[in-house]
Number of protein chains: 2
Amino acid sequence: MSVNQFKRGELYSVINGMASTAVARRLQKNLRNAGIDITIEQWTVLYHLWKEDCLSQQELCNRTYRDKPSITRLIDKLEKQKLLKRSSHKNDKRINLVCLTDAGRALQNVTLELANQTMDEALQDVNKEEIEIVKRVLQKVYDNLNPTSPEGSI
Amino acid sequence: MSVNQFKRGELYSVINGMASTAVARRLQKNLRNAGIDITIEQWTVLYHLWKEDCLSQQELCNRTYRDKPSITRLIDKLEKQKLLKRSSHKNDKRINLVCLTDAGRALQNVTLELANQTMDEALQDVNKEEIEIVKRVLQKVYDNLNPTSPEGSI
DNA sequence: TTGAGATAGTTGCATAAACAACTATTTCAA
DNA sequence: TTGAAATAGTTGTTTATGCAACTATCTCAA
């Protein structure tokens with residue numbers, strides 16, 4: 001018999017969606033209220049470029065857990081808004097390097113502050129230890145379902 | 001200073017998406033492999049009807065954490081597939097009662113088994129206590145961001 | 001009694017997701 | 001050396017989301 005056979009239906013709802021959707025909506029709202037006109041999905045791409053600029057699209061796929069078509073289209077939009085720019089890799093013409101523009105870099109501080117604020121709202125009255133457990137469990141869930149994923153990268 | 005000021009950027013990624021996306025993709029794949037041609041979003045609607053049949057669309061919104069247009073369209077699709085049926089409320093003509101058909105009821109056992117199986121895959125090597133903490137924290141996150149939400153309903 | 005406001009549901013528009021099928025380039029082994 | 005397989009990226013199709021604006025019905029207080 002399954003170890004987790006109790007109330008798994010409910011568990012599905014918990015892990016899948018409700019909290020993450022609420023957080024996403026709130027961050028989107030906070031961005032909008034600040035007059036910043038990007039979606040959270042676009043923000044996520046920028047976030048990874050702020051951590052390390054000039055990544056390939058494939059690398060952005062790995063880091064954002066999205067598939068290649070999704071990244072292609074997100075980058076299309078961000079390039080149209082002049083927040084980043086595609087350029088060819090010197091030695092490998094298959095690869096697009098995606099680099100921030102000044103406008104893209106300019107969004108970093110404001111939006112990270114908004115994201116932090118959003119997480120503060122979300123995590124009121126949740127203590128550090130509990131947060132660590134949630135992080136570890138959700139990472140474990142991910143790894144269980146993606147055996148060959150890049151290790152521990154969040 | 002914020003209580004949760006450590007690595008909140010990473011936290012965002014954890015709570016928002018990566019695990020829930022992985023679970024959703026896996027469940028979708030398991031459904032597909034079993035030859036069952038519905039999306040997980042559609043499945044979620046059916047799930048709540050299996051728990052309690054003949055709910056209003058508004059009630060389905062509350063229970064699935066989706067907005068009204070989303071539910072309208074999911075129900076459009078499910079009605080087209082003859083898995084459920086809209087009917088008018090006797091006393092209040094604004095309300096659509098959404099009830100399962102025999103075909104809709106027939107999917108219950110098979111797909112719940114697949115969902116349980118999926119959650120077992122996802123939660124390998126995660127113990128009960130940790131799961132309870134994750135449930136509690138994510139519910140807390142949701143409540144923090146949705147002050148007037150229906151209590152504890154998962 | 002009536003009409004303003006609340007509630008239930010629908011439609012339109014923009015964005016994003018998954019998946020399959022496609023092109024271009026590179027790698028590597030026979 | 002060359003060509004099959006691998007890798008990087010794009011396009012098409014279907015489905016779903018959020019938000020705003022809309023219609024229909026109901027409630028309740030002046």
Side-chain angles (χ1 to χ4, degrees), chain A residues 16-18 20-33 37-45 54-81 86-98 145-146 148, chain B residues 16-18 20-33 37-45 54-81 86-98 145-146 148:
Chain A
N16 201 44
M18 133 209 161
S20 64
T21 304
V23 171
R25 278 199 278 238
R26 176 60 60 93
L27 177 53
Q28 185 71 71
K29 187 174 147 193
N30 288 346
L31 287 171
R32 200 169 43 243
N33 288 346
D37 196 29
I38 57 176
T39 66
I40 29 163
E41 290 82 4
Q42 293 168 11
W43 178 82
T44 303
V45 171
C54 295
L55 298 171
S56 70
Q57 296 190 196
Q58 181 57 56
E59 191 52 38
L60 282 169
C61 293
N62 298 339
R63 299 194 187 192
T64 61
Y65 306 104
R66 288 179 166 77
D67 70 355
K68 289 194 288 182
S70 296
I71 288 297
T72 292
R73 280 147 180 158
L74 285 173
I75 289 181
D76 285 348
K77 298 239 161 75
L78 286 164
E79 197 168 25
K80 219 167 276 174
Q81 298 176 263
R86 284 179 172 94
S87 57
S88 269
H89 190 283
K90 276 186 281 237
N91 306 325
D92 189 337
K93 288 178 186 167
R94 291 171 304 180
I95 297 178
N96 283 343
L97 286 180
V98 180
L145 299 178
N146 297 273
T148 56
Chain B
N16 201 45
M18 137 210 159
S20 64
T21 305
V23 172
R25 280 198 275 237
R26 176 60 60 94
L27 177 53
Q28 185 70 71
K29 186 175 146 192
N30 287 346
L31 287 169
R32 202 169 42 245
N33 287 346
D37 196 28
I38 57 177
T39 66
I40 30 164
E41 291 81 4
Q42 293 168 10
W43 178 82
T44 303
V45 172
C54 295
L55 298 170
S56 69
Q57 295 190 197
Q58 182 57 55
E59 191 51 37
L60 282 169
C61 293
N62 298 339
R63 300 195 187 191
T64 61
Y65 305 103
R66 288 179 166 79
D67 69 355
K68 288 193 288 182
S70 295
I71 287 298
T72 292
R73 280 147 180 156
L74 285 173
I75 290 180
D76 285 347
K77 298 240 162 77
L78 286 164
E79 197 168 25
K80 217 167 277 173
Q81 298 175 264
R86 283 178 173 94
S87 56
S88 270
H89 190 283
K90 276 184 281 233
N91 306 324
D92 189 338
K93 287 178 187 167
R94 292 172 303 180
I95 296 177
N96 283 343
L97 286 179
V98 180
L145 299 177
N146 298 272
T148 58

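All heavy atoms count here, side chains included; hydrogens, waters and symmetry mates do not. First the proteins, then the strands, lettered A, B, ... as listed; each starts at 1.
- Using a 4.0 Å cut-off, no side-chain N or O of S56(A) falls inside it from OP1 or OP2 of dA8(D).
- Taking 4.0 angstrom as the limit, K29(A) places none of its side-chain polar atoms (N or O) nearer than this to OP1 or OP2 of dG18(D).
- Considering only the side chain of S70(A), dA18(C) comes nearest among dA18(C), dG9(D), dT10(C).
- Of the listed nucleotides (dA16(D), dG18(D), dA8(C)), dA16(D) has the atom at the smallest distance from the side chain of Q42(B).
- Looking at the side chain of R32(B), the nearest of the listed nucleotides dC19(C), dA8(D), dT10(D) is dC19(C).
- With rounding to whole Å, R25(B) atom CZ is found 15 Å from dA16(D) atom C1'.
- Residue E41(B) places its side chain closer to dA16(D) than to any other of dA16(D), dT11(C), dT26(C).
- Counting to the nearest Å, the P atom of dG9(D) and the CG atom of N62(A) are 10 Å from each other.
- The NE2 atom of H89(A) sits 16 Å away from the P atom of dT7(D) (whole-angstrom rounding).
- Residue-to-nucleotide contacts include no donor-acceptor pair under 3.5 Å from the side chain of R26(A) to the base of dG18(D).
- Going from atom NZ of K93(B) over to atom P of dT27(D) covers 12 Å, rounded to whole Å.
- Taking every side-chain heavy atom of R73(B) into account, dT11(C) is the closest of dG12(D), dT11(C), dT25(D).
- For Q28(B) (side chain) and I38(B) (main-chain N/O), a donor-acceptor pair under 3.5 Å exists by modelled atom type.
- Taking all atoms of both residues into account, the shortest heavy-atom contact from L97(B) to C54(B) is CD2-O, 3.7 Å.
- Donor-acceptor pairing under 3.5 Å, judged by distance alone, is absent between the side chain of R66(A) and the base of dG9(D).
- Checking the phosphate oxygens (OP1, OP2) of dT10(C), a side-chain nitrogen or oxygen of N96(B) falls inside 4.0 Å.
- For K68(B), the side-chain atoms get nearest to dG9(C) when compared with the rest of dG9(C), dA18(C), dA8(D).
- Side-chain proximity of P69(A) to the nucleotides dG12(C), dG9(C), dC19(C) is greatest for dC19(C).
- If you check dT15(D), dG9(C), dA16(C) against the side chain of T39(B), the one that comes closest is dT15(D).
- Which of dA17(C), dA18(C), dT10(C) sits closest to the side chain of D67(A) comes down to dA18(C).
- Following rounding to the nearest Å, L55(A) (CG) and dG9(D) (P) show an atom-to-atom distance of 11 Å.
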